[in-house]
A.B. asks: 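Just passing along the structure, written as structure tokens.
In listed order, ligands and their atoms are each counted from 1.
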Amino acid sequence: TMAHSKALLMLENFIAGKFVPCSSYIDSYNPSTGEVYCRVPDSGKEEVEAAVKAAKTAFPIWSSKSPLERSQILNKLADLIEHDLEAFAQAESKDQGKTITFARTVDIPRAAYNFRFFASSILHHATECTEMATVGCMHYTSRTPVGVAGLISPWNLPLYLLTWKIAPAIACGNTVVAKPSEMTSVTAWMMCKLLEKAGVPHGVVNVVFGTGAKAGEALVCHPDVPLISFTGSTLTAQRITEKSAPHCKRLSLELGGKNPAIIFDDADLSQCIPTTLRSSFANQGEICLCTSRIFVQRGIYSEFLKRFVAEAKKWKVGNPSDPTVDVGALISKEHLEKVKGYVKKAQAEGARVLCGEGVDSLALPTGNQKGYFMLPTVIAEVKDESCCMQEEIFGPVTCVVAFDTEEEVIKRANGVKYGLAATVWSSNVGRVHRVAQKLQSGLVWTNCWLIRDLNLPFGGMKASGIGREGAKDSYEFFTEVKTITIKH
Ligand code: NAD
């Protein structure tokens with residue numbers, strides 16, 4: 001009804017510094033209630049065309065600003081996001097289903113920090129220079145922005161991952177057309193409202209909302225967008241690679257994972273257990289870096305399992321806006337069914353579900369009965385070749401299995417198509433070092449998880465991605481390099 005639709009939050013595309021309505025819209029759900037609360041533009045070729053045109057128009061002026069001028073604008077934007085931190089956190093939690101605590105402490109602070117970080121790092125790059133004295137030559141490199149960058153981001157860490165692309169892209173002098181996930185578009189739209197105040201010129205950052213198939217693909221196929229930075233699933237990345245191939249586009253692909261934790265019998269369990277609970281269940285297990293295969297050395301296997309399961313049962317599932325809640329809602333009804341489906345498959349194969357889905361009962365507040373919730377779930381005795389040990393589940397489900405030797409566990413940990421992140425737990429520094437070297441994984445955390453220095457490369461091996469992001473890596477991706485030779 002009209003009365004109903006009036007109450008909905010209506011998003012608009014942001015093109016050339018202006019909010020513009022779209023001819024059709026998509027419903028967006030509040031995952032914690034199951035209700036439609038927002039309508040997102042269903043953009044297509046036409047909207048993408050207008051956004052690319054605006055970005056092309058803005059490029060000559062933005063790219064000729066000094067790094068210091070751009071840096072000041074990025075810092076201002078970081079200030080404005082920090083100033084509105086609570087409003088952004090509330091919006092992210094409502095839109096995504098994540099807990100307000102996670103949004104307040106991780107998503108939004110990091111989104112602001114992404115701008116601050118690249119505002120700083122852009123000031124500190126040096127190019128290369130070599131000499132060939134015998135032929136009287138010196139060579140040096142020069143870096144320039146590429147042009148219009150196409151940025152496509154997923155729904156799990158909406159503003160966090162989008163700004164991780166926008167910040168380095170514009171710091172380097174590119175202009176951008178961004179397409180956030182159609183399921184979590186609200187915080188990107190809120191950020192657009194701050195751009196003018198921060199001093200970002202019109203057309204430097206354009207955001208088109210809509211689905212991957214329509215808006216995303218129009219961006220990937222646009223001839224005037226020479227590079228695409230994508231974070232999302234491996235399947236979508238394959239499609240993007242195919243679609244962009246005729247244009248020979250530069251691609252950065254940050255994809256899925258099936259991340260192992262390897263726990264040796266000399267691990268400090270008082271550190272390892274709480275961290276492995278977080279690495280398995282933080283943000284409902286909807287982080288590409290989440291642990292979903294836990295290999296425990298035989299001697300401590302039963303003790304680990306007992307303590308781990310007892311602690312997992314303490315995680316409180318419920319209304320994401322309740323600050324005492326640890327696990328919020330999953331992103332959608334379809335995704336919840338998919339994640340639960342994996343637990344059923346494991347049971348059918350003879351694995352043991354030790355806690356969570358199908359074992360314990362979930363009591364939800366009255367207002368959240370139709371939300372997409374599930375309990376943290378621990379599965380044991382799963383075969384390595386089982387789909388639960390091979391495929392990315394992307395929910396609060398983790399598998400625990402026993403191992404005997406170092407050599408064996410390295411082979412098993414590497415026995416999946418993915419290679420994003422791993423954790424290794426041991427108090428033997430030699431062993432930690434040996435194992436870390438042999439793991440096929442873009443990131444290895446030993447005796448910790450998720451501690452990041454943004455200076456260093458982030459990204460995956462194998463089906464987890466192509467390319468790296470970080471201070472130097474993002475700078476290289478978002479610039480074109482030229483080698484110049486001068487002879488005296
Ligand atoms: P997804 O691949 O379905 O969607 C990601 C984005 O791509 C969305 O904006 C979507 O609309 C768009 N898209 C979909 N089809 C497209 C197409 N044909 N052309 C262009 N764009 C298209 O992924 P998701 O479900 O939103 O996110 C979850 C996935 O993201 C998981 O696999 C997770 O591991 C991965 N992820 C990876 C990282 C990382 O840094 N490696 C970080 C977070 C999430």
A.B. asks: So which bit of Ser464 gets within less than 4.0 Å of ligand 1, heavy atoms only: side chain, backbone, both or neither?
C.D. replies: neither

A.B. asks: Taking all non-hydrogen atoms of both residues into account, name the closest pair between Val186 and Ala91 and its distance.
C.D. replies: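 So the minimum-distance heavy-atom pair works out to CG1-CB, 4.2 Å.
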
A.B. asks: Can you report which non-hydrogen protein atom sits closest to atom 37 (C) of ligand 1, along with the distance?
C.D. replies: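 For atom 37 (C) of ligand 1, the nearest protein heavy atom comes out as Leu255 O, 3.0 Å.
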
A.B. asks: Sort out for me which residue in Tyr475, Phe478, Phe118 forms a ring-ring contact (aromatic ring centres under 6.0 Å, His included) with His125.
C.D. replies: Tyr475

A.B. asks: Hey, does the Lys NZ or Arg CZ of Arg110 hover above the aromatic six-ring of Trp164, less than 6.0 Å from the centre and inside 45° of the axis?
C.D. replies: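 Yes.
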
A.B. asks: Any chance the rings of His335 and Trp155 have centres within less than 6.0 Å?
C.D. replies: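 Centroid separation for His335 and Trp155: below 6.0 Å.
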
A.B. asks: Is Glu217 in polar range of ligand 1, meaning some N or O pair under 3.5 Å apart?
C.D. replies: yes

A.B. asks: Answer yes or no for Lys345 and Tyr342: cation-pi contact, defined as NZ/CZ to six-membered ring centre under 6.0 Å and angle to ring axis within 45°.
C.D. replies: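 Yes.
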
A.B. asks: Would you mind checking which non-hydrogen protein atom is closest to atom 42 (C) of ligand 1, with the distance to 0.1 Å?
C.D. replies: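 Looking only at protein heavy atoms, the one closest to atom 42 (C) of ligand 1 is Cys288 SG, 2.9 Å.
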
A.B. asks: Do Phe304 and Trp425 have ring centres separated by under 6.0 Å?
C.D. replies: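 Ring centres of Trp425 and Phe304 not closer than 6.0 Å.
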
A.B. asks: Identify, for atom 27 (O) of ligand 1, the protein heavy atom at the shortest distance, and state residue, atom and that distance.
C.D. replies: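 Checking every protein heavy atom, the shortest distance to atom 27 (O) of ligand 1 gives Pro154 CB, 3.2 Å.
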
A.B. asks: Hey, which atoms in ligand 1 end up nearer than 4.0 Å to a heavy atom of Asn156?
C.D. replies: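 The list of qualifying atoms is 43 (C), 44 (C).
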
A.B. asks: Check salt bridge (charged side-chain N to carboxylate O under 4.0 Å, His left out) between Glu381 and all other residues, then give those that pass, not counting sequence neighbours.
C.D. replies: Arg352

A.B. asks: For atom 12 (C) of ligand 1, find the nearest protein heavy atom and state the residue, atom name and distance (0.1 Å precision).
C.D. replies: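 Looking only at protein heavy atoms, the one closest to atom 12 (C) of ligand 1 is Ile152 CG2, 3.6 Å.
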
A.B. asks: Within the 4.0 Å heavy-atom shell around Lys179, which atoms of ligand 1 are there?
C.D. replies: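 Once the distances to Lys179 are compared, the set is 9 (O), 10 (C), 11 (O).
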
A.B. asks: Using the rule given for side-chain hydrogen bond (donor to acceptor under 3.5 Å, both in side chains), can you reason through Ser43 versus Asn13, listing the C-alpha separation, both sets of side-chain angles and the distance that settles it, and then say yes or no?
C.D. replies: CA-CA 8 Å; Ser43 309; Asn13 287 326; 2.9 Å; yes

A.B. asks: Nearest protein heavy-atom contact for atom 31 (C) of ligand 1: which residue, which atom, what distance?
C.D. replies: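 The protein heavy atom lying closest is Glu392 OE1, 3.3 Å.
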
A.B. asks: Short list, please: which atoms of ligand 1 are under 4.0 Å from a heavy atom of Leu161?
C.D. replies: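 Going through ligand 1 atom by atom, the ones under 4.0 Å from Leu161 are 42 (C), 43 (C).
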
A.B. asks: Taking 4.0 Å as the limit for heavy-atom contacts, which would you say applies to Met183 with ligand 1: side chain only, backbone only, both, or neither?
C.D. replies: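 Neither part.
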
A.B. asks: Decide if atom NE2 of His433 counts as having more than 12 heavy atoms of other residues, nucleotides or ligands within a radius under 6.0 Å.
C.D. replies: no

A.B. asks: Find out whether the Lys NZ or Arg CZ of Arg412 is both under 6.0 angstrom from the six-membered ring centre of Phe403 and within 45° of the ring's axis.
C.D. replies: no

A.B. asks: Using a 4.0 Å cut-off to any heavy atom of Gly256, which atoms of ligand 1 qualify?
C.D. replies: 32 (O), 34 (O)

A.B. asks: Answer yes or no: does atom CG of Leu362 have more than 12 heavy-atom neighbours from other residues, nucleotides or ligands under 6.0 Å?
C.D. replies: yes

A.B. asks: Number the atoms of ligand 1 from 1 as they appear, then name those within less than 4.0 Å of a heavy atom of Pro180, with their elements.
C.D. replies: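 In order of numbering, the contacting atoms are 9 (O).
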
A.B. asks: Out of curiosity, is Ala237 lining ligand 1, as in a heavy atom under 4.0 Å away?
C.D. replies: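 It does not, in that no heavy atom of Ala237 comes within the 4.0 Å cut-off of ligand 1.
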
A.B. asks: In terms of residue, atom name and distance, what is the protein heavy atom nearest to atom 13 (N) of ligand 1?
C.D. replies: Gly212 CA, 3.3 Å

A.B. asks: To the nearest 0.1 Å, how far is atom 26 (O) of ligand 1 from its closest protein heavy atom, and which atom is that?
C.D. replies: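 That would be Trp155 CD1, 2.9 Å.
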
A.B. asks: What part of Leu420, side chain from CB on, backbone N/CA/C/O, both or neither, has a heavy atom under 4.0 Å from ligand 1?
C.D. replies: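 The side chain, only.
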
A.B. asks: Given that the side chain starts at C-beta and the backbone is N, CA, C, O, which of these parts of Thr234 lies under 4.0 Å from ligand 1, counting heavy atoms, or is it both or neither?
C.D. replies: neither

A.B. asks: Just wondering, more than 12 heavy atoms not from Glu46 lying within 6.0 Å of its CD?
C.D. replies: no

A.B. asks: So which of Ser181, Gly232, Ala421, Ser153 gets nearest to atom 6 (C) of ligand 1, if we judge by its closest heavy atom?
C.D. replies: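 The nearest heavy atom belongs to Ser153.
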
A.B. asks: Examine the side chains of Ser229 and Lys165 and answer whether a donor and an acceptor come within less than 3.5 Å of each other.
C.D. replies: yes

A.B. asks: In terms of atom number and element, which parts of ligand 1 are under 4.0 angstrom from non-hydrogen atoms of Glu182?
C.D. replies: 10 (C), 11 (O)

A.B. asks: With sequence neighbours excluded, give me every side-chain hydrogen bond (donor to acceptor under 3.5 Å, both in side chains) pair touching residues 14-27.
C.D. replies: Asp27-Arg39

A.B. asks: Run the side-chain hydrogen bond (donor to acceptor under 3.5 Å, both in side chains) test on Ser292 and Lys258 for me, step by step, so that the C-alpha distance in whole Å, both residues' side-chain angles and the decisive distance to 0.1 Å come before the verdict.
C.D. replies: CA-CA 6 Å; Ser292 63; Lys258 189 66 194 172; 3.1 Å; yes

A.B. asks: Tell me the protein heavy atom at minimum distance from atom 23 (O) of ligand 1, and give that distance in Å.
C.D. replies: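 Nearest neighbour among protein heavy atoms for atom 23 (O) of ligand 1, to 0.1 Å: Ser233 N, 3.4 Å.
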
A.B. asks: With a heavy-atom distance limit of 4.0 Å, tell me whether Arg239 approaches ligand 1 through its side chain, its backbone, both, or neither.
C.D. replies: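 Within the 4.0 Å criterion, Arg239 contacts ligand 1 through side-chain atoms alone.
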
A.B. asks: For ligand 1, note which part of Thr231 has a heavy atom under 4.0 Å away: side chain, backbone, both or neither.
C.D. replies: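 Thr231 to ligand 1: contacts from backbone and side chain alike.
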
A.B. asks: Can you find an N or O of Thr236 that's nearer than 3.5 Å to an N or O of ligand 1?
C.D. replies: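 Yes, Thr236 has an N/O under 3.5 Å of an N/O on ligand 1.
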
A.B. asks: Going by the order shown, which atoms of ligand 1 are within less than 4.0 Å of some heavy atom of Phe458?
C.D. replies: 40 (O)

